[in-house]
Amino acid sequence: MESFPVINMENLNGEKRAITMDKIKDACENWGFFELVNHGIPPEFMDTVERMTKGHYRKCMDQRFRELVASKGLENVQTEVHDLDWESTFHLKHLPLSNISQVPDLEDDYRKVMKEFAVKLEKVAEELMDLLCENLGLEKGYLKKAFHGSNGPNFGTKVSNYPPCPKPELIKGLRAHTDAGGVILLFQDDKVSGLQLLKDGQWVDVPPMRHSIVVNLGDQIEVITNGKYKSVLHRVVAQTDGNRMSIASFYNPGSDAVIYPAPALMESKAEEAGKAAYPKFVFEDYMKLYAALKFQAKEPRFQAMKATESSPNLEPIATA
């Protein structure tokens with residue numbers, strides 16, 4: 001199989017720009033995932049994020065996870081577990097309003113660093129969205145405006161640790177799913193692997209790479225691009241050795257943003273007249289459905305949203 005796509009962002013500023021844009025296009029069309037290097041976030045800053053995240057897990061979350069495992073008898077399971085994941089997590093919200101000051105047990109230095117990391121990741125996400133627009137032939141800013149709603153995008157981070165698992169063949173670190181949102185940026189452990197994506201019917205490892213950011217596309221990008229770019233099933237396989245760190249940040253549409261295929265990417269008048277393959281919906285409504293169906297196929301979610309299309313007030317996105 002061809003190698004996992006790695007995009008050197010520095011090559012966008014010079015004679016290699018066209019080749020790099022083609023690499024991004026191919027990754028979006030054929031993988032739904034790619035890895036960014038030289039993305040502008042300083043390596044030493046990423047080292048600080050990693051050190052503080054792992055320190056916080058050891059200090060505040062490791063014992064809780066052990067107690068949870070013991071209470072559910074997970075170390076002694078004999079059959080495959082389908083209703084939970086071998087992960088320890090907490091969530092941070094950045095936009096439209098931050099909750100970092102309210103999340104318990106975080107040291108002040110860690111709060112400050114995670115807030116700064118979010119600002120840097122938001123910049124990368126918005127740069128990426130404009131690169132996608134360029135490759136798709138959409139006006140610059142189209143995706144950002146599509147995500148905006150009345151209060152701007154939703155942006156948040158899921159901080160996860162995947163401790164050593166005694167029965168990885170019976171318990172997934174994280175069960176297979178596509179991501180509901182827009183553009184996902186992952187800072188993952190560079191020593192302990194586990195993330196896999198489904199490509200051509202086979203599970204493929206997403207290689208750990210120091211100081212890289214792994215990008216994947218969510219369901220909203222699939223809808224807006226009318227299926228030209230697709231969200232891809234992925235999972236985390238638990239490991240018997242090593243504690244895997246995962247910091248996944250989700251740049252998603254605003255709650256009241258109306259999501260639908262970009263007219264410029266419709267292939268026929270019939271599609272534009274309302275026979276599109278993808279639905280038109282309010283993002284928050286999709287998320288309510290996704291919450292119950294995350295670990296099931298995305299197609300029934302799209303069909304369910306299509307069945308509820310009834311609003312006459314869905315205006316085209318202005319890009320002027």
Side-chain angles (χ1 to χ4, degrees), residues 4 32-33 35 46-47 49-92 103-106 110 114 156-180 184-199 201-214 216 231-250 290-297:
F4 189 86
F33 269 78
E35 207 148 354
M46 297 182 80
D47 288 341
V49 171
E50 179 173 356
R51 176 174 50 78
M52 288 187 163
T53 299
K54 290 182 173 179
H56 174 262
Y57 177 78
R58 284 192 300 272
K59 182 179 177 184
C60 299
M61 301 187 75
D62 180 48
Q63 186 57 34
R64 280 183 221 160
F65 184 75
R66 291 171 191 270
E67 289 168 3
L68 175 71
V69 166
S71 71
K72 293 186 178 291
L74 293 178
E75 288 184 328
N76 302 310
V77 293
Q78 302 299 319
T79 57
E80 190 166 356
V81 176
H82 296 287
D83 59 350
L84 54 80
D85 304 301
W86 189 270
E87 64 172 356
S88 170
T89 66
F90 66 94
H91 294 82
L92 304 173
V103 176
D105 299 330
L106 303 184
Y110 187 35
M114 292 306 282
T157 298
K158 176 187 175 187
V159 182
S160 306
N161 280 271
Y162 298 92
C165 177
K167 301 278 183 72
E169 70 283 3
L170 297 179
I171 309 176
K172 291 284 179 293
L174 182 59
R175 289 160 285 166
H177 63 287
T178 65
D179 288 326
I184 298 87
L185 303 104
L186 170 69
F187 175 27
Q188 69 166 346
D189 204 291
D190 67 327
K191 296 179 181 66
V192 183
S193 62
L195 179 60
Q196 297 181 331
L197 65 94
L198 192 65
K199 178 167 168 55
Q202 293 189 329
W203 288 104
V204 179
D205 290 328
V206 177
M209 189 182 297
R210 191 158 169 75
H211 300 137
S212 72
I213 297 287
V214 177
N216 71 286
S231 58
V232 170
L233 274 174
H234 54 285
R235 68 183 186 184
V236 176
V237 177
Q239 308 291 322
T240 53
D241 296 311
N243 183 8
R244 177 178 176 267
M245 178 199 76
S246 161
I247 304 174
S249 296
F250 299 81
Y290 180 85
L293 304 174
K294 174 176 178 175
F295 298 109
Q296 298 178 29

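Separating the CD atom in Q63 from the OH atom in Y57 is a distance of 9.5 Å, to the nearest 0.5 Å. Here the SG atom belonging to C165 is positioned 10.0 Å from the NZ atom belonging to K172, to the nearest 0.5 angstrom. Rounding to the nearest 0.5 angstrom, the gap separating the CG atom in L174 from the CZ atom in R235 is 11.0 Å. Between atom NE2 of residue H82 and atom CG of residue L170 there is a gap of 9.0 Å, rounded to the nearest 0.5 Å. The distance from the CG atom of D62 to the CD atom of E67 is 10.0 Å, given to the nearest 0.5 Å. For the atom pair CG (L185) and OG1 (T157), the distance works out to 9.0 Å, reported to the nearest 0.5 Å.
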Evaluation steps, side chain to side chain contact (heavy atoms under 4.5 Å, CB included), between R210 and M46: CA-CA 9 Å; R210 191 158 169 75; M46 297 182 80; over 6 Å; no
Side chain to side chain contact (heavy atoms under 4.5 Å, CB included) between V236 and E87, worked out: CA-CA 9 Å; V236 176; E87 64 172 356; over 6 Å; no
Verdict with supporting geometry, R51 and D47, salt bridge (charged side-chain N to carboxylate O under 4.0 Å, His left out): CA-CA 6 Å; R51 176 174 50 78; D47 288 341; over 6 Å; no
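Residue Y162 comes nearest to G173 through the heavy atom pair CE2-O, 3.3 Å, listed as atom of the first residue, atom of the second, then distance. What you find for K158 and T89 is that their closest heavy atoms are CE-CG2, 3.6 Å. When every heavy atom of K167 is checked against every heavy atom of N76, the shortest pair comes out as NZ-C, 3.9 Å. When all heavy atoms of S212 and E35 are compared, the closest pair comes out as OG-OE2, 2.8 Å. The two residues D205 and P207 make their nearest non-hydrogen contact at O-CD, 3.4 Å. Between A238 and I171, the shortest heavy-atom contact is CB-O, 3.8 Å.
Contact check for I213 versus F187: side-chain heavy atoms found under the 4.5 Å cut-off. Looking at heavy atoms from C-beta onward, W86 lies out of side-chain contact with V81 at the 4.5 angstrom threshold. Between M114 and L106 the shortest side-chain heavy-atom distance does not fall below 4.5 Å. Within the 4.5 Å cutoff, no side-chain heavy atoms of D105 are placed close to those of F90. Side-chain contact between N216 and L186 is absent, with no heavy atoms from C-beta onward closer than 4.5 Å. Contact check for P164 versus D241: no side-chain heavy atoms found under the 4.5 Å cut-off. Contact check for K199 versus F33: no side-chain heavy atoms found under the 4.5 Å cut-off. Counting heavy atoms from C-beta outward, N243 and R58 have side chains that stay 4.5 Å or more apart.
T53 places no side-chain N or O within 3.5 Å of a backbone atom of E50 that could act as its donor or acceptor partner. Formation of a donor-acceptor pair under 3.5 Å by the N161 side chain with backbone atoms of P163 is not found in this model. A donor-acceptor contact shorter than 3.5 Å links the side chain of D85 to the backbone of R175. Side-chain atoms of E75 never come within 3.5 Å of backbone atoms of G73 as a donor-acceptor pair (strictly under, hydrogens ignored). Under the 3.5 Å distance criterion, the side-chain polar atoms of H234 are matched with a main-chain donor or acceptor of H177.
No more than 12 heavy atoms of other residues, nucleotides or ligands lie within 6.0 Å of NZ in K59, so this atom counts as exposed by the packing criterion. More than 12 heavy atoms of other residues, nucleotides or ligands lie within 6.0 Å of NZ in K191, so this atom counts as buried by the packing criterion.
The aromatic rings of Y110 and H56 sit tilted, their planes meeting at an angle between 30° and 60°.
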